[in-house]
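Just below is one structure, and these are the notes that go with it.
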Amino acid sequence: MESEKTVSPSGSADLSRPGIWSRINQLLLLNSADAMRRSNADLDPVPPYRRTWRTHNYVMYWISDNFSPSGFRNAASLILIGLSWKDSLVCITVAQFIIGCVIVLNGVVGSTYHINFSIQSRASFGYYFSYLMIIMRMIVGIFWYGIQAYTGAECVQSIIYAIWPSFHNVPNTLPVSANITTQMMTAYVVYFILILPMHYVPMHHLKWLFTIKSITTPIVGFAIMGWVIHTVGVSNTSLWNQQTTLRGSKLAWTFLSGLYANIGTWSTLAVNVPDFTRYAVDNRAAYITAFVLPATGCLITFFGVVSAAGSNILYGQVLWDPLQLIDHWTTPGGRAAAFFCAFFFLISQIGVNIAANSISAANDLNCLFPRYINIRRGQLIVAFIGSWALTPWNILTGAPAFISFMSGYSVWLGPIAGILLSDFYLVHKQKYDVWELYNKDGIYRYNKFGTNWRAFVAFFVGWVPLLPGFIPTVNAAIKVSAGATHLYYLGYFYGTGAAALSYYILCRFWPATETMIERAVLPDMDVIQGHDGEYMEEGIEAALGEEYVVEGKKVMN
C-alpha cells in the first residue's frame, strides 16, 4: 500500500505515515486474506488437522440440538390445531426422518470437499448468483439467532428466580411499549455476556460442548417428565387420553401442514449442513444423522407432551414451555432442581444458537467479505445484530406475521436444497473441481454475469407456485383457494422436488459442458498436481496449516 507524500518547504517530497483510513484498513485486513481468490483461511477447504468430527460427535450434535426448550415446545402447535399427542409424535418423527435424509445427502459435499455451503453453492448457481442464496440464508440465521437469544434469556431468568426468589418482585421500570420487562432485560444482558466468549471457540473444538449438552439435557428431560408423572400419578388417565379432534380430509391436510412446519424448522440446516460436515473425518461420519434426528425428535416431543398435559392437571393451564413449568417449583428443594434444569437448558440454548445460527451466518458473512471477516468476526457481528439490532422481544410480542413469514422461509430454502442435490448427484455426478470454485473467472462462472440460468429458472419453478398459499400465513385477511393452501402444505416436497427435477432436465438438454470434468479434484489430492501450485498462496497455506504431504511432495506452511 502506498504511503501518503508531503512536500517540505524546500520542495522535496517526504514519505509520511499512511493516512488514518489506510491504517484502519490495514488493521482490519485479515492476514490470510487472498484478494485474487476472494478467500481466507476460514473460507478455504478445511485442512486435515482440523477434521476432527467423528460419528459419535455428530450423534452428540443432533441430540444436543433437539434436546432444548424449543424441542419441548414442538408438539404444542400440533396439539393446539387438533392432533392427538400420538399423532403429533408420528408427525414430528416422520418430518425429522425426511429432513434428516436431505441433511445427510447434502452433507456429503462438505465431508468430501471440506467446503462450506457458501462455496458449494457456486457450483450450481454460478459464482455471482450464489451470493443471493447466501444472503437469503444469512438473513434466516441472524433472525433466528435473535429469537434463540431471547429463549436463552428465559433460561437465565429461571436461574435467577431459583437463586433469588425476590427477583419475581423486581418492579418494571420500562414502558409497556418496550415489549420487555426490567426482569427480562436483565436476564437478556446476562445471557449476552455469557454467550459472547463462546464465539471465540473454533468450530472443530465445539464438539466438546455438544458432548456435554447431549449428556445433561436428556437427563433434564427425563427428570422433568419423571417428576410430572410421579406427581400426577401414572394411573391418572387424563395424562394420556387426549385424542385427535379432526376427521377425514381435514385430519390429513392438518397432518401435512404439521409435517411441513416441522420440516421447515430444519430446512436451513438442510441447506448449509456442509458448514459442519466439512470438519468430518470421512463421509461416513455424518450418515448417522438420518437415524439420530428423528429418534431424538420423537423422544423430546414425548417429554414435552407429557409435561404439558401434567401441568394442565397440576396448575390448571397447559405449560408448553418447560421453563415456565420449573418456575413453579418454589420449595427449597424445588428451587435447587429448577436451578440445575435451567442451567443445563442454558448450556443447550447457547450450543444451539452458536451451531445452528451463529456459525452458519458467520460463514455467509465470511464469503461476502473475505478480506475482512472470518468466522470469529462474523459471529460477533451476527451476535450484535441478531441480539440488539433486531430487538427480538419486539418481534415476538408485536409481529406474529413476521414470525409466520420467517417460519415459512422453507418456501425458498426447499428449492435451494433441491438444486444443490440435483447438481451434485445427478448433473455433476459428485465430481467438482474444488479450486475452480474459488476462481471468479473459472468454469463455475457459467457466463459473464456469473449466473447459471438453469438454476435461476429451476429456483423460480420451485417457489413461485407456492406463493399464493404462503401469503395468507402472513396476512390472514387475504383469502386464497383450498388448492393453493393444500399445495403450500406440500411446499417442501414440491419446492425441493420441482426445483431438482427442472434443474436436471434443463442441464440434460442444455448442459454446461465446461463444468463437466472427468474426475473430482479434491483439496487433499490435487492441490499440486491438479494446478501445478498456482493456487498455493497465503490463503491456502494458512488453511493447510502444518507440513502437508501430497503424493510424496511436501507443501510447507
Between Tyr150 and Tyr191, ring centroids under 6.0 Å: no

Which heavy atom of Ser360 sits nearest a heavy atom of Asn272, and at what distance? OG-ND2, 2.7 Å

Check whether any side-chain heavy atom of Ile215 sits under 4.5 Å from a side-chain heavy atom of Ile212, and report yes or no. no

If we ignore angles and hydrogens, is there a donor and acceptor under 3.5 Å between the side chains of Asp327 and Ser158? yes

Residue list, side chain to side chain contact (heavy atoms under 4.5 Å, CB included) with Asn374, at least two apart or on another chain: Leu30, Asp42, Arg376, Arg377

Got a list of side-chain donor-acceptor pairs under 3.5 Å for residues 329-348, not counting sequence neighbours?
{"residue": "Thr331", "atom": "OG1", "partner": "Gly334", "partner atom": "N", "Å": "3.0"}
{"residue": "Arg335", "atom": "NE", "partner": "Ala162", "partner atom": "O", "Å": "3.0"}
{"residue": "Ser348", "atom": "OG", "partner": "Phe67", "partner atom": "O", "Å": "2.8"}

Sequence neighbours excluded, the answer for side chain to side chain contact (heavy atoms under 4.5 Å, CB included) partners of Val190 is Val156, Leu194

Kindly state each residue pair satisfying salt bridge (Lys or Arg N to Asp or Glu O under 4.0 Å) with at least one member in residues 299-309, sequence neighbours excluded. none

When every non-hydrogen atom of Thr93 is compared with those of Leu89, the smallest separation belongs to OG1-O, 2.7 Å

Run the ring pair (Phe, Tyr, Trp, His ring centres under 6.0 Å) test against His328 and tell me which residues pass, sequence neighbours left out. Tyr315

Residues in side chain to side chain contact (heavy atoms under 4.5 Å, CB included) contact with Pro175, at least two apart in sequence or another chain: Ser177, Ala178

Mind listing the closest non-hydrogen atom pair of His199 and Leu380 along with its distance? CB-CD2, 4.2 Å

Please enumerate all residues that pass side chain to side chain contact (heavy atoms under 4.5 Å, CB included) together with Leu466, with sequence neighbours excluded. Val411, Leu487, Tyr494

For Leu209 and Gly351, the nearest pair of non-hydrogen atoms, with its separation, is CD2-CA, 3.8 Å

Under 6.0 Å between ring centres: does that hold for Trp463 and Phe470? no

Where at least one partner belongs to residues 143-167, residue pairs that pass salt bridge (Lys or Arg N to Asp or Glu O under 4.0 Å), sequence neighbours excluded: Arg73-Glu154

For Tyr488 and Tyr260, what are the C-alpha separation, side-chain angles and deciding distance, and is it a ring-ring contact (aromatic ring centres under 6.0 Å, His included)? CA-CA 9 Å; Tyr488 176 70; Tyr260 170 71; 4.9 Å; yes

Do Asn57 and Tyr279 have side-chain atoms, one donor and one acceptor, less than 3.5 Å apart? no

Applying ring pair (Phe, Tyr, Trp, His ring centres under 6.0 Å), name anything that partners Tyr58, two or more places apart in sequence or on another chain. Trp53

Thr289: side-chain hydrogen bond (donor to acceptor under 3.5 Å, both in side chains) partners, not counting sequence neighbours: Trp62

Measure centre to centre between the rings of Tyr188 and Trp388, then say whether the value is under 6.0 Å. yes

Which atom names give the shortest non-hydrogen contact between His114 and Arg278, and what distance separates them? ND1-O, 2.9 Å

Please find the pair of heavy atoms, one from Tyr131 and one from Cys367, that lie closest to each other, and give the distance. CE2-O, 3.8 Å

Could you tell me whether the side chains of Tyr161 and Gln183 share a donor-acceptor contact shorter than 3.5 Å? yes

Could you pull out all residues at least two apart from Phe276 that satisfy ring pair (Phe, Tyr, Trp, His ring centres under 6.0 Å)? Tyr61

For the residue pair Ser118 and Asn363, confirm or rule out a side-chain donor-acceptor distance under 3.5 Å. no

Can you list the residues that meet the ring pair (Phe, Tyr, Trp, His ring centres under 6.0 Å) rule with Trp253, with sequence neighbours excluded? His486

